[in-house]
A.B. asks: 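My questions will all concern the structure given below.
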There are 2 protein chains.
Amino acid sequence: MTKKSADPANGHPPAARQVPMRDFSRSLPMSLLRAREAVMRQFRPSLREHGLTEQQWRILRALAAIEAVEVTELARTAFLLGPSLSRILRDLEARNLIERKTAKADQRRSMVSISKEGLKLMASVAPTSEAIYAEITRRFGARKLAELQDMLGELERSLAGLGGADETIAGE
Amino acid sequence: MTKKSADPANGHPPAARQVPMRDFSRSLPMSLLRAREAVMRQFRPSLREHGLTEQQWRILRALAAIEAVEVTELARTAFLLGPSLSRILRDLEARNLIERKTAKADQRRSMVSISKEGLKLMASVAPTSEAIYAEITRRFGARKLAELQDMLGELERSLAGLGGADETIAGE
DNA sequence: CGCATTCACTTAACATGTTAAGTATCTCGC
DNA sequence: GCGAGATACTTAACATGTTAAGTGAATGCG
């Protein structure tokens, strides 16, 4: 949609296409961005009703599956940068949705876990969330969805080790 | 690393898997997020060298293809929300990369266009950007890339009209 | 014409993304 | 054991995402 270029009614010369590049709207980053937005648009309202943002929900979900994790590993799991996670954890802790206690062995580490309240909140959100996911799967097709996920994973892997900058991965 | 369980020293029962949900890291939103990040990680350093953020680059690219646009349409094209765009345009204008002038017919509208300097900057960034895109295409495979884009587009379309909240689209 | 509504932005306020510094611990070599 | 360096976070600072409110300019209707 919206493939204008029909040169509506502005009495101007063709265009200022000085710099030749691929059609911007068809670039891979834009495709991924739009697709993700289309998906998240479905979930946000429900999360919002429960006073959760997308990232907060990611954190709770990551925590629900385990007993406790260090902040750094949680950041990897929830795909958040340290500073963002740090702030969000502060808020979630203030809301009593998570708990924190410094590890005894290493005072630098703090172990994060979900609280009873956090679990209760999750339980109230999960059904809707699952229903939405099911509807998305139904609309797009379970088979195609799996195929898409495979391709996305492959894309990730094919770009691993092409780190644009520092590349501090080493033995991982 | 990845010392997962091993149950260090905390005297707690096994795990807190109270709320049953799909494996979080395999959800569609996470797959899309990670894939996009893997791609953008390639571009960011180059853009950064030229003093541009991803969004600023999106705006310049959108502008390079046309003579001038209203802010609202530019927002659609660059896939940015009004407020973000508003701020970024203010900055880009201060850097003389774009130009703005209010439309004569409708004083509310302001037409945005890329400046000579903006075009010059684009010309200096485009080659590297294209090279990176080519490398990504090479690694992932041109055929698969096209296939992936198709699927992403399909996903978008299959979720259109399922707007999570207001749904104020009407005749578009 | 008068004025309520709608429009096209812009501001404001708060949450997150992102990079750079800062702080407290821990580890290790000497 | 002690001081340099590495670690695990946290803070800070700035840019963007996101929603709500504000502002000025068109529109429409009585």
Side-chain angles (χ1 to χ4, degrees), chain A residues 29 33-34 36-37 40-41 43-45 47-49 51-59 68-76 78-95 98 100-112 163-166 168 170, chain B residues 1 3 29 33-34 36-37 40-41 43-45 47-49 51-59 68-76 78-95 98 100-112 163-166 168 170:
Chain A
L33 182 57
R34 281 195 306 253
R36 183 175 146 79
E37 180 53 30
M40 284 315 300
R41 200 196 321 283
F43 291 99
R44 259 190 278 270
L47 292 178
R48 187 173 174 69
E49 274 176 25
L52 289 173
T53 65
E54 179 193 333
Q55 293 82 355
Q56 292 168 348
W57 179 237
R58 286 220 297 272
I59 291 173
V69 265
E70 332 172 358
V71 174
T72 301
E73 168 147 355
L74 181 55
R76 247 200 318 275
F79 209 70
L80 294 169
L81 292 179
S84 291
L85 182 54
S86 206
R87 277 177 309 212
I88 300 175
L89 288 180
R90 168 165 48 70
D91 298 346
L92 291 180
E93 188 174 26
R95 288 164 64 183
I98 66 160
R100 241 191 307 200
K101 58 179 178 183
T102 55
K104 332 157 216 343
D106 188 338
Q107 295 292 111
R108 292 170 306 180
R109 291 173 157 76
S110 90
M111 304 303 288
V112 184
D166 51 311
T168 38
Chain B
M1 47 250 335
K3 78 291 288 316
L33 182 56
R34 281 195 306 253
R36 184 176 144 78
E37 181 53 31
M40 284 315 300
R41 200 195 320 283
F43 290 99
R44 260 189 276 270
L47 292 178
R48 188 173 174 68
E49 275 176 26
L52 288 174
T53 66
E54 178 192 333
Q55 293 81 356
Q56 292 167 349
W57 178 237
R58 286 220 297 273
I59 291 172
V69 264
E70 333 173 357
V71 174
T72 300
E73 167 147 356
L74 180 55
R76 247 201 318 275
F79 208 70
L80 293 169
L81 292 179
S84 291
L85 182 54
S86 208
R87 277 177 309 214
I88 301 175
L89 288 180
R90 169 165 47 69
D91 299 346
L92 291 180
E93 188 174 25
R95 288 164 65 183
I98 64 160
R100 240 190 309 200
K101 57 179 179 183
T102 55
K104 340 160 213 336
D106 188 337
Q107 295 291 108
R108 290 172 307 182
R109 290 173 158 78
S110 90
M111 305 303 287
V112 184
D166 52 311
T168 38

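If you're wondering where the values come from, they're calculated on a predicted model, not measured in any experiment. Chain letters run A, B, ... following the sequence lines, proteins first, then strands; residues in each count from 1. Side chains are part of it too, since the values below use all heavy atoms of this structure and drop only hydrogens, waters and symmetry mates.
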A.B. asks: Would you mind reading off the distance between B:R87 atom CZ and C:dC9 atom P, rounded to a whole angstrom?
C.D. replies: 17 Å
A.B. asks: Between B:L52 (CG) and D:dT16 (P), how many Å, whole number?
C.D. replies: 10 Å
A.B. asks: Picking from D:dT18, C:dA20, C:dT25, which would you name as closest to the side chain of A:R44?
C.D. replies: D:dT18
A.B. asks: Rounded to whole Å, how long is the line connecting atom CD of B:Q55 with atom P of D:dG17?
C.D. replies: 4 Å
A.B. asks: Quick one: is B:S110 getting a side-chain N or O under 4.0 Å of the C:dA8 phosphate, OP1 or OP2?
C.D. replies: no
A.B. asks: Output the single nucleotide from C:dC9, D:dT19, D:dA25 whose closest atom is nearest the side chain of B:V71.
C.D. replies: C:dC9
A.B. asks: Once you round it to whole Å, what is the distance between C1' of D:dG17 and CD of A:Q56?
C.D. replies: 14 Å
A.B. asks: Give a yes or no on whether the backbone of B:T53 and the side-chain of B:Q56 come within a donor-acceptor separation of less than 3.5 Å.
C.D. replies: yes
A.B. asks: Applying a 4.0 Å non-hydrogen cut-off, can you work out what B:S84 is touching in the nucleic acid: base, sugar-phosphate, or nothing?
C.D. replies: base
A.B. asks: D:dT11, C:dC26, D:dT16: which one has an atom nearest the side-chain heavy atoms of A:Q107?
C.D. replies: C:dC26
A.B. asks: Rounded off to whole Å, could you give me the CZ-to-P distance for the B:R48 and D:dA15 pair?
C.D. replies: 11 Å
A.B. asks: Classify the nucleic acid contact of B:L85 as base, sugar-phosphate or nothing, counting any heavy atom under 4.0 Å across all strands shown.
C.D. replies: nothing
A.B. asks: Once you round it to whole Å, what is the distance between P of D:dC9 and CG of A:L80?
C.D. replies: 14 Å
A.B. asks: Is there a side-chain contact between B:R100 and the phosphate of C:dT10, meaning an N or O under 4.0 Å from OP1 or OP2?
C.D. replies: yes
A.B. asks: Side chain of B:T53 only, please: which of D:dA15, C:dT10, C:dA20 is the nearest?
C.D. replies: D:dA15
A.B. asks: In whole Å, I'd like the distance from the CG atom of B:L81 to the C1' atom of C:dA13.
C.D. replies: 15 Å
A.B. asks: Looking only at atom types and distance, does a side-chain atom of B:R58 sit under 3.5 Å from a main-chain N or O of B:A78, one as donor and one as acceptor?
C.D. replies: yes
A.B. asks: Can you tell me if the side-chain N/O atoms of B:T72 get under 4.0 Å from OP1 or OP2 in C:dC9?
C.D. replies: yes
A.B. asks: Does B:E37 come within less than 4.0 Å of B:R44, counting only side-chain N to carboxylate O?
C.D. replies: yes
A.B. asks: Using the closest heavy atom to pick a nucleotide of DNA chain C for each, name whichever of A:R58 or A:R108 lands nearer the 5' end.
C.D. replies: A:R58
A.B. asks: Hey, are the side chains of A:E93 and A:R90 touching, using non-hydrogen atoms and a 4.5 Å cut-off?
C.D. replies: no
A.B. asks: List the atom of A:R100, the atom of A:S110, and the distance in Å for their closest heavy-atom pair.
C.D. replies: CD-OG, 3.4 Å
A.B. asks: Would you mind reading off the distance between A:I98 atom CD1 and D:dC9 atom C1', rounded to a whole angstrom?
C.D. replies: 14 Å
